[in-house]
Amino acid sequence: MFKQWSKFIAIFLSAFALTLTIAACTGSSTNSQSPTTGNSPAGGADSITVYTALEDDQISGYLESFEQANPNTEVNIVRDSTGVVTAKLLAEKDNPQADVVWGLAVSSLLVADEQGMLEPYAPQGLEQVQAQFRDEANPPHWVGIDAWMSAFCVNTIEAEKKNLPIPQSWDDLIKPEYKGQIVMSNPASSGTGFLSVSAILQLKGEEAGWTYLDALHENVAQYMHSGSKPCKAAGAGEYPIGISFDYRAIKQKNDGEPIEAVFPREGSGWDIEANALVKKADIKEASRTFLDWAISDEVSKKYAESFPITAVQTDVPIPAGYPADPLKQLIPNDFKWAAANRDAILTEWTERYDSKSEPKSS
Amino acid sequence: MTSSPSTHPTFLQRLFPPQVKQITTREDWFMRVLLILGTVWLLVGVVFPLYPMVMRSFQDTSGNGVGLANYARYLSTPALAISLVNTFYIAIASTLVSVIFGFIYAYALTRTRMFGKPVFRILGILPLYIPPLAHAIGLIYLFGNKGLVTTGVLGWLPGWDINLYGANGIIIGESLYCFPQAVVIMITALSLTDARLYEAADVLRSSPLRTFFTVTLPSVKYGLMSAIFVCFTLAFTDFGVPKVVGGNFNVLATDIYKQVIGQQNFSMGATISVFLLIPTVAAFVVDRIVQRRQTALVSAKAVPFQPKPNPVLDWTMFGICTLIAAFAVIVFATIIFASLVQVWPYNLALGLKHYDFSRVGGGGYAAYWNSIRMSLYTAIFGTIAVFIGAYLVEKGRGLGWLRAINYFLSTIPLALPGLVLGLAYVFFFNNPTWFNGTVYNPFHWLYGTMAILVVCNVIHFYTVCFLTANTSLKQIDPEFESVSASMSVPFYKTFWRVTVPLSLPAILEIGIYYFINAMVTISAIIFLYPPTLPLAAVAIVNMDDAGDVAAAAAMSTLIVCTSIGVRLLYWFLTRGLQKRTQAWLQQ
Amino acid sequence: MTHSSEQPAIRSPQPDPPISPTLQRETARSIVPDSDATIDRGKPYLQVENVHKVFGKFVALRDVYLDVYPGEFVCLLGPSGCGKTTLLRIIAGLEQQTSGRVIQADKDVSRLPSSKRDFGIVFQSYALFPNLTAAQNIAYGLQNTKESKSRIKARVEELLATVGLEGLEQKYPAQMSGGQQQRVALARALALSPGLLLLDEPLSALDAQVRVRLRSEITQLQKQLGITTVMVTHDQAEALAMADRIVVMDKGCIAQIGTPHTIYQKPDTPFVANFIGVMNFLQGMVAAPKQVRCGNILLNTPQNQVEPNAGVAIAIRPEDIRVLSQEDAQNSSLPNIVTAEVEGTEFLGAGYRVALRPDGNSKELITSEISIHQARQLDLNPGASLKVQLPPELIQVFPHNF
């Protein structure tokens, strides 16, 4: 143990000495940037700004093939949670900063489309995209890449310690034994949070849905900024149960965290992650190239490694941990309804639950 | 000139003598132009951006004037109004904790013969190098549900759950953040006291407790007020700590963040900013008034106080200071430890995997290098701007009213919370035109560049640096300029050959201050940074938002170690310099 | 007229005070004649004309006229706040007069900033640049001219020699004594060979001994260079010892201009009399053109212009009061002999200052200075009775409206 320690301290210190030397000597050491971020201001002919709500640990893997094919195109990724990206997109309506939206919830894209912010574009290879994964209009305003659904991340170690049975359904979550044991994402900022809330309202009907959410609120310890944070908090044991989404749960489980991915018995809320071209004065060719690439076989295979349901069907087997037939897990979801009521639902939710009280202790 | 030298003035001229005005030389013009430029810089950097922000609070999201509707909505939404109460609560509690502990700590350092003072001095200001967000992350690993303390060092000891998420966590985090500031101010205040007062009290056989209340407290009351003001403002406006450990306990700063980032509702953000601004401006005004009174009371002939050994007091203080310093060190050590642990709390093997930022958000090492670049630029340009500004105000000739205005403008940034400043910059610089498109905005091109981040940082930390430069310049003989003028040497030569070398310690101190603060600051730039320029401190927020707390701890560690490293580097570099300056200063 | 040997040694023997105004100003010093003396000294080098200075509502200088002649050493003397430093700074252009003119070498410099005027200045703080060596300090102004490096070096060496600091070129100010620093400051002020040297309390930061030594050094140097000099001081001894003429200032006005002797012995006003040296004042009433009654005492005085029965104050220096031995007192037919009671004594080292209460005028005390030698022959215990003489020619009469 001691040996290991001293080795690490030595490595750590020497790494630091090196960092500091470089920091001290060079004021502009910017070549060591990660591939996802450019340094020159956006706006150049071969530089596009992409708004996305995809997961951080997915993006760089996805982008590799685009960068290989288009080495001269600089892609500025602006990543945040679905709610934030949506709000940003809407706020910039008169002066759009984004060129392309990549992997944003359809329920959000529909809101933007309503405002006339999306430019119809039929990317190459559109015919491969299954019909239910793209806009009905031709050319379509949006084109999906995959679907993601809500899932519970349950920390098995903590659950055992606290003698908590593993919840199997939405209804389990409002049982009193889970008081203060659950974290979920804030639907105002997180797309995952929103799809869970909208799923409940659709499953149970509005009135019963809000009653259920009131009961759930009693058990929730914290509402978190992003869809992934509840799962990560569960993985770290901060809270035994996180209401999150499928990819997160399964990825963490496969990474060796003591996580059980639970797909609720009543069915999962779900949404399509989709792409769109932003309507603006000068639409760059690179934006179209990017959208073509974003539904290509090559990257669709990568999507399929994360998600069981992809817009372009691939031969990649369903990742381990998913239900055998993922489509069965999905509830019937009315995106139009969700988009139309998005603002009202969020206002209602914020009024009811945000900052209503001090967090309950575990 | 009215007449030849030999003629005598007429009776009328004696009654109403003509006013005499000195010729304005080219040198004077040069100085005036500099002064005007300085004023313009402060107006653009500090005052003008506030206008569109305040105006925005009277508009709806599409820019239509709605009067006080936003304020009414904010105050009538119970969830939002609660934030206001919450913010006051945590700010007052954190101020009390940090000022009381800061006072005790500073008292031990200045007024006792406690063992190990130099070490305590360094440890006391250690939290200064740690972003408030990082403190909060450290607290999660100590007091969170899986924290070392909560679980009793992972099960070895009985655990202690302080119910971190919420007010408790915020107060501890803010106290850690404010503590070094209180210590620095109180050390200065306590060192200024006149030893003769204590000798007099001794001779009059005053009891130590009575001496404390009749001599010590009154003599440091201005320092105490200052510390309270600074800590209150910091805790009231900080956003990092509540963001991370606040849970569902909302404060104004997180409300602004949620409104602006989460809902892109800039009008509501502006409205809450005004709520944030009012108490800090009020505190600032009170502090200014109080401090103005102080100048008359400080005696230049005070005798420095030499503490006498007092074993009981010294060892008690040693105990208290050890506890305080240990807490600060433990929080810092926990951050480092957590960044090295593979999977907290299940796999405690150590590794550097969290230092690979490629799988997490925030921009990774690009953000780190950007931050270093931004901090270096801030240090260089900020120091130049501050020092020249302070020089013109303190040593300039003529245009006294303009210099007074300049001085006033230079002190305003202290009252501006970073979030407010950043938001104001968004409104002011992002707009291509002003006044509904009638005036072209000449500063619009700055938006989204490194330059605006640097400007924002320079202004955000301007006041402290300005006052440092001002104090240093005040100590330089005002007759240097007169002597130079008598030898017809232009002021800028004397500035370069004499003033700058003599102020070098202060100049370097300002540079370091700028560097460290630019490294750790979040609030001022979180709304302002463009996607092309991710920054390390902002990356901590993003990582924490995404739930990658260990990566956030790793990035915090990088930031803290860089700041400490730069400080050490500075120390090594200036040792040679000090030897030289000592030749000038030795008596 | 006889003079008693008890007069303090430092005072030069003084002839009978002349009555005529011209002669009144005549002095033992002849290096530079007095301003309004009949001797023509040519044109003044520096003229201050009708200068006023107002800071807000506070009038710092009022109606100031001053001529300084080439090569002259003039001291501005007065209590703090009298405006002497303001006047010096106006002469230097460091401060701007509200109105009035400053003429230097026949040129109106009123509107010129300091950098365009021709003067060197030494401040109380010396204002030496601490980060520059003595040589660099002295060369500071020279380097701004187009002089060659070698010429500058030579000039610096010459100046260092002039002020007696050879070999200290490479010392920083902090490594030198106060006196040495003052010499460097002086050398620096002289480096550009200015037409006018301004000294702002140059000696007051120094130890008493160094101060006395530097006094004579500076005057010697000033005479040797023949540079017109204006010095500000609040130390009357310094002014008396150094100046050719003294300008006494009070509350922004010039109270009197004159040679040190005139200022000391013939002060124009009670203020000047009181500010320089110690002066006894007795309130009285004019009894006759040459007599004043103070209480029950009738004193002979010089001719005065005051109407009979008008109130006056008579003034006499302590050292001018003669304490008579008992024999003298009994035999003397001297005028103005007064009997007085000893109230107390103060030991001064070389003598005593004796506080006396004159018989018949119980309200006011007068002080007298006597030598140790004389004191031995007298009874100075409190309550003892002494005979003193107030020589009429050394008495001054000030009307009350002063």
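Lettering follows sequence order; numbering is per chain, from 1. Quantities reported herein were computed from a predicted structural model and do not represent experimental measurements.
- Interface remark: A:Glu257 contributes side-chain atoms only to the contact with chain B (heavy atom separation under 4.5 Å).
- A side-chain N or O of B:Tyr74 and one of B:Asp255 form a donor-acceptor pair less than 3.5 Å apart.
- With sequence neighbours left out, B:Asn347 forms a side chain to side chain donor-acceptor pair (under 3.5 Å) with no residue at all.
- Of the two parts of A:Pro230, neither the backbone nor the side chain holds a non-hydrogen atom closer than 4.5 Å to a non-hydrogen atom of chain B.
- Considering only residues two or more places apart in sequence or on other chains, A:Glu160 meets the side chain to side chain donor-acceptor pair (under 3.5 Å) condition with none of them.
- Interface remark: of the candidates A:Glu55, A:Lys93, A:Lys88, A:Lys88 forms the most heavy-atom pairs closer than 4.5 Å to chain B.
- The contact between A:Ala188 and chain B is made by backbone and side chain atoms together, counting heavy-atom distances below 4.5 Å.
- For an aromatic pair to be called close, the ring centres must be under 6.0 Å apart, and B:Phe249 with B:Tyr165 fails this.
- Of the atoms belonging to B:Asn265, not a single heavy atom falls under 4.5 Å from chain A.
- Only the side chain of A:Asn155 comes within contact range of chain B, with at least one heavy atom under 4.5 Å from a heavy atom of that chain.
- A donor atom on one side chain and an acceptor atom on the other are found under 3.5 Å apart for B:Lys258 and B:Asn250.
- Contacts of A:Ile157 with chain B are made by side-chain atoms alone, with heavy-atom separations under 4.5 Å and no backbone atom involved.
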